[in-house]
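Following: one structure in structure tokens, then a few remarks.
The basis for the numbers below is simple: all heavy atoms, side chains too, and nothing from hydrogens, waters or symmetry mates.
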Amino acid sequence: MDLIWFSLDRAENKYSSTSFSLAKELAKTNRVFYVDNPITYAEAYRMRASTKENITSSLVDLPANFYSITPHKTLPINWMKDGKLYRLGSKINNYLVTLTLQKLIADYRLKDFIFVNVFNPFYGRSFSSRIKPTRSVYYSVDDIRYSPHVKIHGPRLEQEIVESYDITLTTSKQLQILLKQFSSNVHYLPNAADISLFKTAISRSYNRPEDIAHVTTPIIIYTGHVDLRVDVDLLKAIAHRHQDKTLLLVGPISLDQNTLDELKSFPNIIFTGSKKLELLPAYLQHASCGIIPFKRNTLTKSIYPLKINEYLAAGLPVVSTNFSEDIRQFENIISLRDLAEEFVGAIEMEIDENSEDKKAVRIKVAESNSWTARADSFWKIISHYKNVE
């Protein structure tokens, strides 16, 4: 069965996202038409984007059944308050996206297809008479009340889409609880990892990446966005306590300049910036411990972090704060610590007590959390609803 996959994440720059990873896996056996979040006219002007619209193409290094769709540009209205002007703009934008979807359906002669909307309730909350999916699925990957850029209108629109769609999926158990207020058909489909990629940290030898080529001390690694979820005070405590080690932060940064300057003042903290997914195993191979230093609050309570299975697949010991029910699933093979003093102590313990037997157990756990396993779960959930086999 074909899938139209309408995502908030764009294919060309979100290779490590939940949406892209699961869509890529499903495309191994089904045609997947990955429709990017529309670029607004304002974005297009700033980016000097191509004027071409409704372009369909297969991306390199993806299954032949994966197609990337660039929808019609839309009006920049997200900054507006809810009201007549915003709703008019929203109606126009949805009409423009509908044109793309209708063209896609006609060009590829789609009849039986599933429409999956991944965390983008700004579009597709209802369908025109020419768009008739066999099943409509909404996939929530974060607590939209706290998500930057979408929290103004997101909570209200997400409620609408959950109420109107046939099935809702969530990446965390807390999200499942939150969205069950609006529908009884809400299912848990957590994040996973590209296990075969991250196991290469064990199976092959990588040269040290250039930005850590000079490092001779043991490395404590964090991969991911350094943003409001991360406990900056805990990072400082780690760097201070483990001055004989290097704290390596691999990923984009969204911190105020004063906070960033303070972290950069530590001689044993290294920021690498964003890295492509396929480059991460080389960093993990040369690390001694992986960390997930998230704050414990309402936002992180709804997170199942992608990085947990990536760390485990690479055989790394892990220390994390006890921020969600989802992370507690791993309590038998990782250290969960909330107090800074206990967290920094657990890092030392995990490094000292690491062994080949423990690596093997971590990899086995990660293997049960692959995107292949999640694709199987996706179809099992969908198959419970008639007319879908």
Side-chain angles (χ1 to χ4, degrees), residues 1-11 14 17-27 30-39 66-72 74 77-78 90-91 93-105 110 112-128 130-145 147 149-151 153-172 175-176 178-180 182-183 185-191 302 374-375 377-379 381-382 385 388:
M1 180 167 288
D2 295 323
L3 296 103
I4 295 180
W5 199 273
F6 194 93
S7 179
L8 185 65
D9 288 336
R10 292 173 182 148
K14 280 290 186 180
S17 74
T18 300
S19 180
F20 183 85
S21 299
L22 183 55
K24 177 181 174 182
E25 185 65 37
L26 291 167
N30 300 78
R31 288 197 301 179
V32 175
F33 299 91
Y34 193 101
V35 183
D36 281 342
N37 184 39
I39 293 175
F66 187 104
Y67 299 92
S68 178
I69 312 299
T70 302
H72 200 292
T74 55
I77 63 170
N78 196 45
S90 178
K91 186 175 181 179
N93 283 350
N94 273 274
Y95 171 74
L96 295 173
V97 168
T98 295
L99 293 179
T100 296
L101 297 177
Q102 289 178 169
K103 185 176 187 301
L104 166 62
I105 291 168
L110 304 185
D112 294 326
F113 65 91
I114 298 172
F115 188 92
V116 182
N117 182 312
V118 185
F119 204 57
N120 199 350
F122 302 91
Y123 303 98
R125 295 185 303 281
S126 60
F127 301 103
S128 72
R130 295 173 62 184
I131 301 174
K132 298 179 179 179
T134 303
R135 278 292 175 264
S136 55
V137 180
Y138 178 69
Y139 197 6
S140 176
V141 300
D142 211 342
D143 190 334
I144 204 165
R145 297 173 299 174
S147 298
H149 311 301
V150 299
K151 62 183 180 181
H153 302 286
R156 170 177 53 84
L157 300 180
E158 185 174 68
Q159 178 178 342
E160 289 182 21
I161 204 168
V162 171
E163 289 174 342
S164 63
Y165 271 38
D166 299 315
I167 306 165
T168 294
L169 307 175
T170 67
T171 54
S172 77
L175 286 174
Q176 184 182 27
L178 291 173
L179 296 185
K180 272 193 171 181
F182 314 124
S183 171
N185 296 329
V186 181
H187 301 266
Y188 179 53
L189 188 67
N191 281 320
S302 298
R374 296 296 184 260
S377 296
F378 174 88
W379 287 118
I381 293 169
I382 300 300
Y385 298 84
V388 178

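The ring of F127 has its center closer than 6.0 angstrom to the ring center of Y165.
Side-chain atoms of S183 do not come within 3.5 Å of backbone N or O of V186 as any donor-acceptor pair. Without hydrogens or angle criteria, S164 side chain to I161 main chain gives a donor-acceptor distance under 3.5 Å. Between the side chain of D143 and the backbone N or O of L175, no donor-acceptor pair lies under 3.5 Å.
Side-chain contact between Y34 and D9: present, with at least one pair of heavy atoms (C-beta onward) separated by less than 4.5 Å. Counting only heavy atoms from C-beta outward, the side chains of S19 and F119 never approach each other to under 4.5 Å. With a 4.5 Å cut-off on side-chain heavy atoms, L178 and R145 count as touching.
In this structure, the side-chain contact (heavy atoms from CB on, under 4.5 Å) partners of D166, at least two apart in sequence or on a different chain, are R135, S136. Applying the side-chain hydrogen bond (donor to acceptor under 3.5 Å, both in side chains) criterion to N93, with sequence neighbours excluded, gives no partner residue. Looking at residues two or more places apart in sequence or on another chain, you find no side-chain hydrogen bond (donor to acceptor under 3.5 Å, both in side chains) involving T170. In this structure Q176 satisfies the side-chain hydrogen bond (donor to acceptor under 3.5 Å, both in side chains) test with no other residue, sequence neighbours excluded. For S128, the side-chain contact (heavy atoms from CB on, under 4.5 Å) partners are T98, Q102, R130, I131, not counting sequence neighbours. Contacts of N30 classified as side-chain hydrogen bond (donor to acceptor under 3.5 Å, both in side chains), with partners at least two apart in sequence or in another chain: none.
Considering every non-hydrogen atom in both I114 and I382, the closest pair reads CD1-CG2, 3.8 Å. Of all non-hydrogen atoms in E158 and I144, the two that sit nearest each other are OE1-CG2, 3.4 Å.
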